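What you see is a predicted model; the values in this text were computed from it and never measured. Within every chain, numbering begins at 1; the chains are lettered A, B, ... in the order of the sequence lines, protein sequences first and strands thereafter.
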Amino acid sequence: MPQQTAGTLTAAKKSTTSPRPAGTLYRGREGMWSWVLHRITGVAIFFFLLVHILDTALIRVSPEAYNVVIGTYQTPLMGLGEVALVGAIVFHAYNGIRIILIDFWAGGVKYQKLMFYIVIALWVITMLGFTPRHLINVFSH
Amino acid sequence: MTQSSSFDSADHTIVDGVHYHQFDVVIVGAGGAGMRAAIEAGPHAKTAVISKLYPTRSHTGAAQGGMAAALANVEEDNWEWHTFDTIKGGDYLVDQDAAEILAKEAIDAVLDLENMGLPFNRTPEGKIDQRRFGGHTRDHGKAPVRRACYAADRTGHMILQTLYQNCVKHGINFFNEYYVLDLVMTNVDGVDQPSGVVAYDLSTGELHVFQAKAIIFATGGFGKIYKTTSNAHTLTGDGVGIIWRKGLPLEDMEFFQFHPTGLAGLGILLTEGARGEGAILRNASGERFMERYAPTIKDLAPRDIVARCMVQEVAEGRGAGPNKDYVYLDCTHLGAEVLETKLPDITEFARTYLGVDPVTEPVPVMPTAHYAMGGIPTNVNAEVLRDNTTVVPGLYAAGECACVSVHGSNRLGTNSLLDINVFGKRAGNNAVEYVKTAEFTPLPKDPAAAVRGLIDGIRNSTGTERVSVLRKELQDMMDAKAQVFRTDESLAEVTQTIHTLRERYKNVAVQDKGRRFNTDLLEAVELGFLLDLAEVVVYSARNRKESRGGHMRDDYPNRDDETYMKHTMAYLSGDPHSADAADHIRLDWKPVTVTRYQPMERKY
Amino acid sequence: MSTTTIAADRPGNADPAITPFTVTFLIRRFDPEVDEEPRWQDFDVEMYATDRVLDALHKIKWEQDGSLTFRRSCAHGICGSDAMRINGRNRLACKTLIKDLDISKPIYVEAIKGLPLEKDLIVDMEPFFASFREVQPFLIANKAPEGGKERIQTVAQRERFDDTTKCILCAACTSSCPVFWTDGQYFGPAAIVNAHRFIFDSRDEDAKVRLDILNDKEGVWRCRTTFNCSEACPRGIQVTQAIAEVKQAIMRGKP
Amino acid sequence: MTATTIEAPRSPSRPVKRRGVNWEKWGWIYMRASGIVLIVLIFGHLFFNLMLGDGISAIDFGFVGGKLADPFWQWWDVAMLWLALIHGGNGMRTLINDYATLPMTRGVLKSAVLAAVVVLIVLGTLVVFTFDPCPPGQPADLLPALCAAR
Ligand SMILES: Cc1cc2nc3c(=O)[nH]c(=O)nc-3n(C[C@H](O)[C@H](O)[C@H](O)COP(=O)(O)OP(=O)(O)OC[C@H]3O[C@@H](n4cnc5c(N)ncnc54)[C@H](O)[C@@H]3O)c2cc1C
Ligand code: HEM
Ligand code: SF4
Ligand code: F3S
Ligand code: FES
């Protein structure tokens, strides 16, 4: 674009002196926080998945090897970790549906905040269903 | 970084810290008028637009109601009726040849904008819709006519955006946040000829000299001489002030328009389009008082009349509110639908700034300083005049800063957006024609000297006066004594105040001594222009001992065609710092061009 | 709009019962000629409930510290000069009323994020306008309208893109977008809004070109629907909606 | 909050539109399509492994081996493996594009993600299909019940 503006002439100087404005944390709303969570959970799941495939691959090595590794998944500490993991997956999945609805459903944008709260509600319900059952399995053995 | 391809060394050099540029056409101001000119000039000549604001920040964007053109899309209309309304609305102080051009070229001006992409509201057939506006009538005043083309209540916003979009399309060169502070004149054979402008780059504090064959001033109005105004903080009349300081005349400066419906106390405008859609002005007792003053077109009478009636209602004790100091604009009967679709922005303004919902409550309003009818005198080709007849070759002015004069003593609503388009286009075209044959006028030695002196003077001043204090005193005084109603006595008082303020201004100092983005400094410079212009306004007003259009003298309540059917021309002559304005302002007259319509009494 | 107007002159406020109160502003200052880093500075200002943050900035500049630097012009939310971060959210200072803020705590004011800081509340807007210009924000229509008059457009066709014509290019949206903050290369919501305005204009003939431009690495696909833009837009434009519509138009291959 | 010097945003003139497949668009569509399918696959997987029977404490070679002997679960897991890794890998690519501003870092990180995804997909697929639920010479109590029938 041949268009010039005032910025042009002093461009060189500016790029060396301009600090990036950071400042306070931006106070976004439901949309932003849901994205932050979606991102964090996505990354967490990804790294877990890398490990999970590797450990599952041990079944190709030998039953003992596999059982040793999977045994560590059954300790109480890991049991709590699994709750976190499932929590992450469940949030990521439900919020993923919310995002897909925003993208493809005509009313999605309008109801995005409501859908965020529905995601939270469904997440709570799902976790209420899962956590006790799982922790009983972890701690009763 | 953005490419700087067009700044090759040939047209950009730096000498002694001052940047020098060369363009065929330099346009000062990127509002509606400036960008309309740029669209004509840009493709045909090497053009630069210099603006103290980013183009889309210009105050044209605040215009709401519409732009007049006799398209006759919704009802019978023609440009002759439009011409008549413009002349009558301006209380016959209009140059009729110019008004005729305005009304005739209006149609193309609107179609040009539509073709450039402006999203006008549409009729059911898909044509440009039109609405009623004050003073626009069918068949010479018989009834209101639908003449204003509009885009909801953001017509000016759409015009500004559309023009900027087309400037982008044409790749116009912009110098944004560059404040033009001087016009460079070179003495050639004993005559001063414009050779360029000097601009201050806000971001660096450096000076830039733009040498040009043709210079177009389109710097907008100067409503900031008043306190209550619909104008932006940045409308400080720099362009008009620069021309004034060069000894060139200013025309009809006493005529300032007060728009009837500013949000009370704030001045934020509620468009006349609201009344065009049927809103009604009421006093404290709920009476539709305009019926008494203008029985035929009532609330849609021209602005000067409505503003006066409002002030009179309040003066006679019929004002509303705890202090009985405003009247109401009643939109409640229009219904939420009309307000939300046709007047969404003003509905929001009332809600945001006064906490009043126009759907259910009447909105407190009072007149607000709105539009300068006067300014830099030009002929119909937008060429700036040195006296009553001689043009300054290569110097043009268009838009609110200019006085063609199509608005006479009172502008009709929607005629200004029209003015900036018609005469902006003419300025651009004529400048292009001019540069085809013209040569560059050589720059004088150190053309930036005066501006450097001005800037350094203020920056280094150790004075004790503060800009904000002086400005507030000026604005308060102008509101109190030189507003809708004036008398010799009140004007004499302001003259005195302005004189002391000008003295104190010499002692003004700024706190920010830096170079980069020193807005403190520029506010001081702007105040200088405000003081100069306020003085001319008041001085011209004192001299016109009659009441006409926007100039209402309590001590001379009648129009006096015998003596005053002529334009005021004010010149700076003598020592600008002399105590008595009479020692440095010289007034003269310029005849009004009358072609078809003889002055009559103005009745609505 | 008036400014010097301090609220005492406003209707309602003339009532002596309404008294001003002191509000503390914490402003993030940066003077490029002196400072290495931005710093916070606090100011106490007498304010009325109906005053705007812009009035406060003016009072500070005019009565306390003339070097406080910010952009402003129209003072009623139409020119787009004064987008800034007020209490952590992008707003126009001239449209933010004191009464809508919690004044029991200091009010934080700082420059918008993601664009190079120049001085105090001023950032370099050039990159913002550059991406605006890149989407070809102008009507492209080669066919001459019939009879040398206006192009015909139905009320419904006009309504289709009404929302996005309201943009005042204030950058509140783009500088609130977490994706834009990351590396500043994303076109940003404002550019997409302005492309949308033409893509869905029935008179325009080159929607395809703009769709291609936005179907880019830095185009619409970078939007993560965080809705900060829609929340920030002072003109109430449904920005995320507009972006979604552009995404769909790209997938469809036409508006 | 440090004053890092940065390039002016949006300044490098981007290369004019490349021809060929638009990865951004298809990536975006893929994230959504795979997401939907993954819900079924992952929730099914989690439910079967963690909720039914004794949940996590029942998982051992016998349990997994038994599952993976069934072609139904074989295809289930392979689909999950591919979809999730590509989905996650593409998601990580987005993140890297966002936060890694230096071209070098960007390249390295993206290659790492790509390598991890490819290696794990190959590994996982091989394991699922070449896996023998009843490896000879192993104690029977470790093996799935179905081996006893052999
Ligand atoms: C609230 C409001 C509503 C209105 N509504 C209507 C309406 O409905 N219909 C109608 O017809 N009219 C209306 N008007 C009037 C009309 O909008 C203006 O008169 C018109 O837009 C002026 O345009 P302009 O191009 O002359 O100036 P502006 O748009 O004001 O532009 C001035 C330009 O000059 C530049 N500039 C100024 N000083 C300098 C300097 N020293 N150096 C460099 N650049 C400088 C500025 O940056 C700006 O770009 C309205 C006015 C207001 C205030
Ligand atoms: C359970 C079903 C899942 C659904 C419905 C789902 C949905 C989505 C969607 C729609 C996106 C795109 C977000 C956007 O463009 O704004 C996304 C991003 C992402 N997903 Fe998933 N996903 C699921 C499972 C997974 C899994 C198993 C992983 C890990 C391997 C994962 C990792 C990621 C990552 C890293 C991102 C990128 C996040 C970002 O850019 O902010 N997802 N997911
Ligand atoms: S879309 Fe809204 S927030 Fe963004 S630039 Fe336009 S007006 Fe400002
Ligand atoms: S804030 Fe940014 S991520 Fe999308 S929804 Fe708005 S552009
Ligand atoms: S000053 Fe114009 S938008 Fe705030």
Side-chain angles (χ1 to χ4, degrees), chain A residues 1 7 11 14-24 38-39 42-43 45-47 49-50 52-54 56-67 70-71 73-74 78-79 82 85-86 89-90 92-94 96-97 99-100 103-104 126 129-130 133-141, chain D residues 1-9 11 28 31-33 35-36 38-39 42-43 46-47 50-51 53-65 68 77 81 84-85 87-89 91-92 94-95 98 113 116-117 119-121 123-124 126-128 130-133 135 138-139 142-143:
Chain A
M1 196 59 47
K14 280 176 187 163
S15 66
T16 57
T17 53
S18 303
R20 161 173 249 153
T24 58
H38 195 84
R39 192 154 256 205
V43 176
I45 306 168
F46 180 75
F47 283 110
L49 185 62
L50 298 185
H52 188 49
I53 292 170
L54 285 174
T56 308
L58 288 176
I59 56 173
R60 187 72 179 79
V61 178
S62 80
E64 287 89 352
Y66 182 77
N67 285 353
I70 206 72
Y73 280 77
Q74 287 147 349
M78 286 300 279
E82 279 140 22
L85 176 74
V86 170
I89 295 178
V90 171
H92 188 94
Y94 290 170
I97 299 175
I99 295 172
I100 294 170
D103 290 330
F104 294 101
T126 312
F130 169 78
R133 163 123 196 123
H134 178 72
L135 291 182
I136 289 170
N137 283 336
V138 171
F139 288 102
S140 66
H141 285 268
Chain D
M1 240 181 262
T2 42
T4 31
T5 326
I6 51 160
E7 289 269 316
S11 53
W28 186 88
M31 291 305 270
R32 277 133 189 91
I36 304 263
L38 277 170
I39 292 200
I42 293 180
F43 276 56
L46 291 175
F47 193 73
L50 297 182
M51 293 293 278
D54 278 343
I56 183 93
S57 44
I59 294 180
D60 58 8
F61 183 85
F63 177 85
V64 179
L68 282 184
D77 280 12
L81 175 75
L85 269 178
H87 177 106
M92 292 303 288
T94 316
L95 263 112
D98 278 359
V113 168
V117 167
V119 167
L120 288 179
I121 285 182
L123 176 75
L126 283 178
V127 168
V128 170
T130 64
F131 163 72
D132 178 356
Q138 294 290 341
L142 288 183
L143 299 183

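- Of the two parts of A:Y66, only the side chain, counted from C-beta on, holds a non-hydrogen atom closer than 4.5 Å to a non-hydrogen atom of chain D.
- Of the listed residues (A:G96, A:A57, A:G42, A:G71), the greatest number of heavy-atom pairs within a distance under 4.5 Å of chain D belongs to A:A57.
- Ranking A:I99, A:I59, A:I89 against chain D, the residue ahead of the rest is A:I59, based on heavy-atom pairs under 4.5 Å.
- Heavy atoms closer than 4.5 Å to chain A are found in both the backbone and the side chain of D:M51.
- To the nearest 0.5 angstrom, D:L50 atom CG is 6.5 Å from A:E82 atom CD.
- Of the two parts of D:V119, neither the backbone nor the side chain holds a non-hydrogen atom closer than 4.5 Å to a non-hydrogen atom of chain A.
- Distance check: A:H52 NE2 to D:L81 CG gives 10.0 Å after rounding to the nearest 0.5 Å.
- Contact of A:V86 with chain D is made through the side chain alone, with heavy-atom distances under 4.5 Å.
- The shortest distance between side-chain heavy atoms of D:I59 and A:Q74 falls below 4.5 Å.
- Only the side chain of D:I42 comes within contact range of chain A, with heavy atoms under 4.5 Å apart.
- A pairwise comparison of heavy atoms in A:I53 and D:G124 identifies CG2-CA, 4.5 Å as the closest pair.
- A:I70 touches chain D through its side chain: at least one heavy atom from C-beta onward sits under 4.5 Å away, while N, CA, C and O do not.
- Both the backbone and the side chain of A:F130 come within contact range of chain D, each with at least one heavy atom under 4.5 Å from a heavy atom of that chain.
- For D:L123, the part lying under 4.5 angstrom from a heavy atom of chain A is the side chain only.
- Under the 30°/60° scheme for interplanar angles, the aromatic rings of A:F104 and D:W28 are found to be tilted.
- Listed options D:A84, D:G88, D:A58, D:G62 were ranked by heavy-atom pairs under 4.5 angstrom with chain A; first place goes to D:G88.
- Only the side chain of D:L46 comes within contact range of chain A, judged by heavy atoms closer than 4.5 Å.
- Interface residue A:I97: only side-chain heavy atoms are found under 4.5 Å from chain D.
- Among D:D132, D:V128, D:L126, D:V127, the single residue meeting the side-chain contact (heavy atoms from CB on, under 4.5 Å) criterion with A:R60 is D:V127.
- Contact annotation: the side chain of A:P63 approaches that of D:P135 to within less than 4.5 Å [non-hydrogen atoms, C-beta and beyond].
- For the atom pair D:M31 CE and A:D103 CG, the distance stands at 11.5 Å (nearest 0.5 Å).
- The two atoms that bring D:F61 and A:N67 nearest to each other are N-OD1, 2.7 Å, heavy atoms only.
- In this structure, chain A has heavy atoms under 4.5 Å from both the backbone and the side chain of D:L120.
- The structure places CD1 of D:I39 at 6.5 Å from CD1 of A:I100, a figure rounded to the nearest 0.5 Å.
- The greatest number of non-hydrogen atom pairs below 4.5 Å with chain A, out of D:D60, D:L38, D:T94, is found for D:D60.
- The aromatic rings of A:Y94 and D:F43 lie tilted to each other, with the angle between the two planes from 30° to 60°.
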